[in-house]
Amino acid sequence: VSLVVIVGNPRPASRTYTAATEAARAVAKAAGAGQDLDVIDLSELAPRLLHPEPSALVEDAVGLVTAADVILVASPTYKGTYTGLLKVFLDRLPSAALAGKVALPLLLLGAPQHALAVEVHLRPLLVELGATVPTPGLALLESQLDRLDSVVSEWAVQVAPVVRGALTGDVSSPR
Ligand SMILES: Cc1cc2nc3c(=O)[nH]c(=O)nc-3n(C[C@H](O)[C@H](O)[C@H](O)COP(=O)(O)O)c2cc1C
């Protein structure tokens, strides 16, 4: 059973990275699962993603995603959607690569009027890849970062029922 976090920020050590890993740990806790995470920070892969030569780093990251049970997909909000970097990475996945997996969308944003981008832009991308996507996605405002812990904990309780089965291998939990 594995939980993988994808951070789609072109900048390393971002607030999106912190928020995504905290949110993933909160979900694992709420679902009664272990706290082990694999984190794919796409800022490290960025120079290789569009390079014509094959990259073992990129292939390893694709392998982590395709082997995962639950994936938290996080991005800063750029131009009212997610980053191009995230799309370039997800375009590497085979079709229906997320079938049978639970994917949790998270967008960090500055402008409250873009909060629905997590539902109308990031969610359909994950559904297209075949994932089960619990409601709601997490639209995290920069102004909420000073109480990140309580915001992610509240959200984790909402999505935990769907995540629990995937993370603990309990097939009687809803998916
Ligand atoms: C190129 C670019 C485009 C952005 N577009 C939006 C946007 O459309 N809506 C929004 O709410 N924030 C937008 N932002 C702000 C970021 O989403 C916001 O600052 C986020 O917290 C950045 O995450 P980070 O600190 O992990 O880099 C944009 C930032 C950049 C650099």
Side-chain angles (χ1 to χ4, degrees), residues 2-31 35-51 55 57-58 60-62 64-65 68 70-93 98 101-129 131 133-160 163:
S2 74
L3 172 56
V4 171
V5 177
I6 303 174
V7 182
N9 196 320
R11 290 192 309 109
S14 61
R15 292 177 296 178
T16 304
Y17 185 109
T18 304
T21 50
E22 289 299 306
R25 287 198 182 92
V27 166
K29 187 175 172 195
Q35 306 274 303
D36 285 349
L37 305 176
D38 285 306
V39 184
I40 300 169
D41 184 347
L42 294 182
S43 67
E44 293 170 6
L45 303 185
R48 295 176 167 88
L49 275 171
L50 290 174
H51 200 280
S55 157
L57 276 181
V58 172
D60 287 353
V62 168
L64 264 184
V65 173
V70 177
I71 303 148
L72 188 145
V73 181
S75 172
T77 306
Y78 276 13
K79 308 291 187 274
T81 61
Y82 41 79
T83 61
L85 177 61
L86 177 64
K87 184 64 160 56
V88 168
F89 176 69
L90 293 179
D91 285 349
R92 290 290 193 115
L93 299 177
L98 303 187
K101 306 176 192 303
V102 173
L104 302 165
L106 185 163
L107 286 182
L108 182 59
L109 65 153
Q113 67 268 29
H114 285 162
L116 273 178
V118 72
E119 304 296 353
V120 300
H121 297 303
L122 186 48
R123 171 183 300 274
L125 174 56
L126 302 176
V127 170
E128 169 57 26
L129 285 163
V133 186
T135 298
L138 180 54
L140 184 64
L141 290 163
E142 285 178 342
S143 59
Q144 295 177 303
L145 286 174
D146 57 358
R147 52 195 165 91
L148 180 62
D149 194 34
S150 65
V151 174
V152 297
S153 299
E154 278 171 35
W155 171 73
V157 168
Q158 290 178 277
V159 296
V163 175

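Order of appearance sets the numbers: ligands from 1, and atoms from 1 within every ligand. Predicted model, so just to flag it, every value in this text is computed and none were measured.
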* Asked: In terms of atom number and element, which parts of ligand 1 are under 4.0 angstrom from non-hydrogen atoms of E142?
  -> 18 (C), 19 (O), 20 (C), 21 (O)

* Applying a 4.0 Å heavy-atom criterion (strictly less than), which segment of R15 is in contact with ligand 1: side chain, backbone, both, or neither? -> both

* Closest approach of V118 to L107 (non-hydrogen atoms, all atoms of both residues) -> N-CD1, 3.5 Å

* Asked: Relative to the heavy atoms of T16, which atoms of ligand 1 are at a distance of less than 4.0 Å?
  -> 23 (O), 24 (P), 26 (O)

* Report the nearest protein non-hydrogen atom to atom 9 (N) of ligand 1: residue, atom name, distance rounded to 0.1 Å. => H114 ND1, 2.7 Å

* Location of contacts on K79 toward ligand 1, heavy atoms closer than 4.0 Å -> both

* To do: Just let me know how T77 lines up against ligand 1, side chain, backbone, both or neither, with a heavy-atom cut-off below 4.0 Å.
  => both

* **Atom indices of ligand 1 within 4.0 angstrom of G80 heavy atoms, with elements** => 7 (C), 8 (O)

* To do: List every atom of ligand 1 that sits less than 4.0 Å from any heavy atom of R11, numbering the atoms from 1 in the order shown and giving each element.
  => 24 (P), 25 (O), 27 (O)

* Structure fact -> Taking every heavy atom of A103 against every heavy atom of A131, the minimum-distance pair comes out as CB-CB, 3.5 Å

* Structure fact -> ligand 1 atoms nearer than 4.0 angstrom to some heavy atom of S14 are 26 (O)

* Asked: Are any side-chain N or O atoms of T77 and backbone N or O atoms of L108, one a donor and one an acceptor, separated by less than 3.5 Å?
  -> yes

* Looking at ligand 1, does any of its N/O atoms fall within less than 3.5 Å of an N/O of A111? -> yes

* Asked: What atoms in ligand 1 come closer than 4.0 Å to a heavy atom of G110?
  -> 10 (C), 11 (O), 12 (N)

